[in-house]
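Structure, as structure tokens:
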Amino acid sequence: MQKEMEKTSQEAGTSGNMSGLAVERKGCELVINGISSFSLYHTLECGQTFRWRREGDCYEGIVRGRALRLRQNRGDSISVWIPASAPDNEVYDILSLVREYFCLDSDHAGVELRLREVDPLIGPAIDYASGLRLVKQDPWECLISFIISARNRIPLIIAALNKLSRRFGRPVAGPEGATFWAFPGPEELSRASEADIHECGVGFRSGYVLDAARAVANGEFDLNGLSLLSLDEARQSLMQLRGVGRKVADCVLLFAFQRYEAFPIDVWMERVMRYLYFRNEPVTLDEIQTFARRRFGDLAGFAQEYLYHYARNCLAEELRAWTAAGALDGHRSTPVIPG
DNA sequence: ATCCAGGCCATAA
DNA sequence: TTATGGCCTGGA
């Protein structure tokens with residue numbers, strides 16, 4: 001096993017991106033050192049995912065049907081729980097899963113550096129959440145998650161996704177005898193009735209979820225095929241699904257298909273962009289989109305996550321006061337006419 | 001109580 | 001093509 005890990009470390013170090021991961025197996029955990037700028041907290045609590053949960057100083061979740069438990073160590077290092085008696089090949093699978101999901105081999109410090117260079121205003125957001133990485137989510141779970149996110153709140157979204165998993169997903173053995181519930185696949189969900197889904201707290205989006213499940217399950221909608229399309233084509237394709245508009249489509253493309261040029265704009269992003277970049281200028285949503293793509297280019301998605309997370313956690317009061325003061329009135333494409 | 005929260009859809013001009 | 005109202009739900 002030690003040899004296998006050394007080999008892994010070497011491969012990572014010579015893979016062309018100089019990631020230089022060093023992996024070590026220690027009893028029940030796999031320690032991964034030398035990650036290029038990594039914060040488990042910011043990565044899992046910035047809002048891109050919904051189903052990871054914090055347990056003490058660990059985060060637990062399911063990736064590709066496997067239960068994972070992770071902990072951040074000092075510096076850019078994490079530990080991954082592994083069964084003490086796991087054979088080498090299983091440990092290797094877990095390592096591969098974590099590496100891929102968190103994109104551990106990417107030069108994230110370089111991403112942060114480039115963003116700071118192209119935009120001085122984003123500095124504070126990166127200072128606050130340095131190590132925030134975009135993860136590689138399962139496209140199906142990501143799609144349903146963001147359909148449910150429409151006109152909804154995070155605690156309710158989480159509750160709905162967990163209920164769906166508990167009811168329609170498969171149980172997965174986790175650390176220390178714990179049971180995790182995998183998110184149900186399109187086939188499993190397509191066998192549910194709209195009433196079943198509604199009972200999970202999905203609300204008026206229940207029909208959208210069931211439609212999507214059926215379309216994907218019967219092959220009418222090719223989710224994996226999206227990776228072959230251009231960003232615009234893939235977005236148009238996703239938006240043919242009921243319940244999927246521009247914002248939800250961009251979230252799926254960014255979080256599941258690594259289309260880092262995507263820049264999803266929700267109410268928080270609209271507020272923070274107007275506040276930081278267009279303080280007293282009238283701009284439309286489209287103009288904000290265009291501005292972001294031009295300024296951040298192929299790193300727009302990263303910029304979006306830093307700004308979104310920063311806005312919610314650091315600027316909430318400021319933004320509330322600003323909008324309450326009527327700052328947005330008259331600064332949209334169509335001014336509100338009283339009376 | 002009324003309002004609103006990580007949008008989208010169906011109408012209407 | 002762009003502007004409005006309504007929508008499950010539950011917490012303030």
Side-chain angles (χ1 to χ4, degrees), chain A residues 42 44-52 125 129 132 134-135 137 141-164 192-212 215 235-256 262-275 282-289 292 301 303-317 319-321 323-324 328-339:
Chain A
H42 289 300
L44 295 182
E45 301 210 17
C46 67
Q48 65 180 318
T49 63
F50 296 102
R51 295 240 300 146
W52 288 92
L132 190 173
L134 291 173
V135 301
Q137 296 187 43
E141 180 172 346
C142 189
L143 171 65
I144 298 304
S145 299
F146 284 95
I147 286 178
I148 292 176
S149 79
R151 193 63 188 178
N152 207 345
R153 294 186 240 165
I154 293 172
L156 296 184
I157 300 166
I158 293 171
L161 293 171
N162 285 334
K163 284 179 192 169
L164 285 172
S193 70
E194 187 171 334
D196 290 333
I197 294 173
H198 194 276
E199 284 173 18
C200 294
V202 178
F204 64 86
R205 315 159 194 86
S206 301
Y208 304 157
V209 169
L210 186 55
D211 280 0
R235 183 187 297 118
Q236 286 311 310
S237 179
L238 279 166
M239 287 174 64
Q240 286 174 359
L241 294 168
R242 291 206 312 140
V244 179
R246 169 73 191 243
K247 188 267 178 182
V248 171
D250 279 344
C251 283
V252 174
L253 291 168
L254 179 59
F255 302 139
F263 192 85
I265 299 181
D266 54 30
V267 292
W268 281 95
M269 281 309 294
E270 180 179 353
R271 280 193 291 236
V272 73
M273 289 300 286
R274 288 186 192 284
Y275 185 66
V283 286
T284 64
L285 268 188
D286 276 346
E287 287 168 330
I288 296 176
Q289 284 280 356
Q304 191 271 356
E305 273 311 285
Y306 284 108
L307 290 168
Y308 174 81
H309 187 48
Y310 180 62
R312 290 179 59 93
N313 290 358
C314 306
L315 300 181
E317 285 307 316
L319 289 171
R320 204 186 323 279
T323 54
L328 296 184
D329 297 352
H331 292 287
R332 293 168 189 272
S333 55
T334 306
V336 178
I337 309 294

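Letters go in sequence order (proteins before strands), and every chain restarts at 1.
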Grab the [atom1]-[atom2] distance between [X] and [N] for me, whole Å please.
{"X": "A/K247", "N": "B/dA5", "atom1": "NZ", "atom2": "C1'", "value": "12 Å"}
{"X": "A/Q289", "N": "B/dG7", "atom1": "CD", "atom2": "P", "value": "14 Å"}
{"X": "A/R242", "N": "B/dG7", "atom1": "CZ", "atom2": "P", "value": "19 Å"}
{"X": "A/M269", "N": "B/dG6", "atom1": "CE", "atom2": "C1'", "value": "11 Å"}
{"X": "A/L156", "N": "C/dT9", "atom1": "CG", "atom2": "P", "value": "10 Å"}
{"X": "A/I147", "N": "B/dG6", "atom1": "CD1", "atom2": "C1'", "value": "15 Å"}
{"X": "A/M239", "N": "B/dC9", "atom1": "CE", "atom2": "P", "value": "7 Å"}
{"X": "A/F263", "N": "B/dG6", "atom1": "CZ", "atom2": "P", "value": "17 Å"}

With distance as the sole test, does [X] use its side chain to make a donor-acceptor pair with the main-chain N or O of [Y] at under 3.5 Å?
{"X": "A/Y306", "Y": "A/L132", "result": "yes"}
{"X": "A/R235", "Y": "A/L253", "result": "no"}
{"X": "A/R205", "Y": "A/I144", "result": "no"}
{"X": "A/Q48", "Y": "A/V135", "result": "yes"}

Quiz item: What pair of heavy atoms forms the shortest contact from A/L143 to A/V244, and how long is it?
Solution: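 What the structure gives for the nearest pair is CD1-CG2, 3.9 Å.
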
Quiz item: Does any donor atom in the side chain of A/S193 or A/D196 lie under 3.5 Å from an acceptor atom in the other side chain?
Solution: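 Looking only at side-chain atoms, A/D196 and A/S193 do form a donor-acceptor pair, the distance falling under 3.5 Å.
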
Quiz prompt | Under-4.0 Å side-chain N/O to phosphate OP1/OP2 contact, A/R246 with B/dG7 | solution =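 So the side chain of A/R246 is outside the cut-off, no N or O lying under 4.0 Å from OP1 or OP2 of B/dG7.
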
With the criterion being N/O to N/O and under 3.5 Å, what pairs connect the protein with nucleotides 6-8 of chain C, and how long is each?
{"from": "C/dC8", "atom 1": "O4'", "to": "A/F204", "atom 2": "N", "distance (Å)": "3.1"}
{"from": "C/dC8", "atom 1": "O3'", "to": "A/H198", "atom 2": "NE2", "distance (Å)": "3.4"}
{"from": "C/dC8", "atom 1": "O2", "to": "A/R205", "atom 2": "NH1", "distance (Å)": "3.2"}
{"from": "C/dC8", "atom 1": "N3", "to": "A/R205", "atom 2": "NH2", "distance (Å)": "3.2"}
{"from": "C/dC8", "atom 1": "N4", "to": "A/R151", "atom 2": "O", "distance (Å)": "3.2"}

Quiz item: Who are the side-chain hydrogen bond (donor to acceptor under 3.5 Å, both in side chains) partners of A/N162, not counting sequence neighbours?
Solution: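 Listed in chain order: A/R51.
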
Quiz prompt | Close side-chain approach of A/R274 to A/I288, heavy-atom, < 4.5 Å | solution =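 SC-SC contact between A/R274 and A/I288 confirmed.
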
Quiz item: What's the spacing between A/M273 CE and A/Q304 CD if we round to 0.5 Å?
Solution: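 Rounded to the nearest 0.5 Å, the CE-CD separation comes to 9.5 Å.
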
Practice problem: Can you run through DNA chain C from 5' to 3' and write each base as (, ), [, ], | or . depending on how it pairs? Watson-Crick or G-U wobble, both distances under 3.5 Å. | Solution: |||||||.||||

Practice problem: Using heavy atoms to find the nearest nucleotide of DNA chain B for A/L241 and A/Y308 separately, return the residue whose nucleotide is more 5′. | Solution: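 Its nearest nucleotide being more 5', the pick is A/Y308.
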
Exercise. For nucleotides B/dC8 and C/dG11, find the distance between their C1' atoms and express it as a whole number of Å.
Key: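 Each nucleotide's C1' atom is 23 Å from the other's.
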
Self-check item: Rounded P spacing from B/dG6 to C/dT4 in Å
Solution: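 Their P atoms lie roughly 23 Å apart.
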
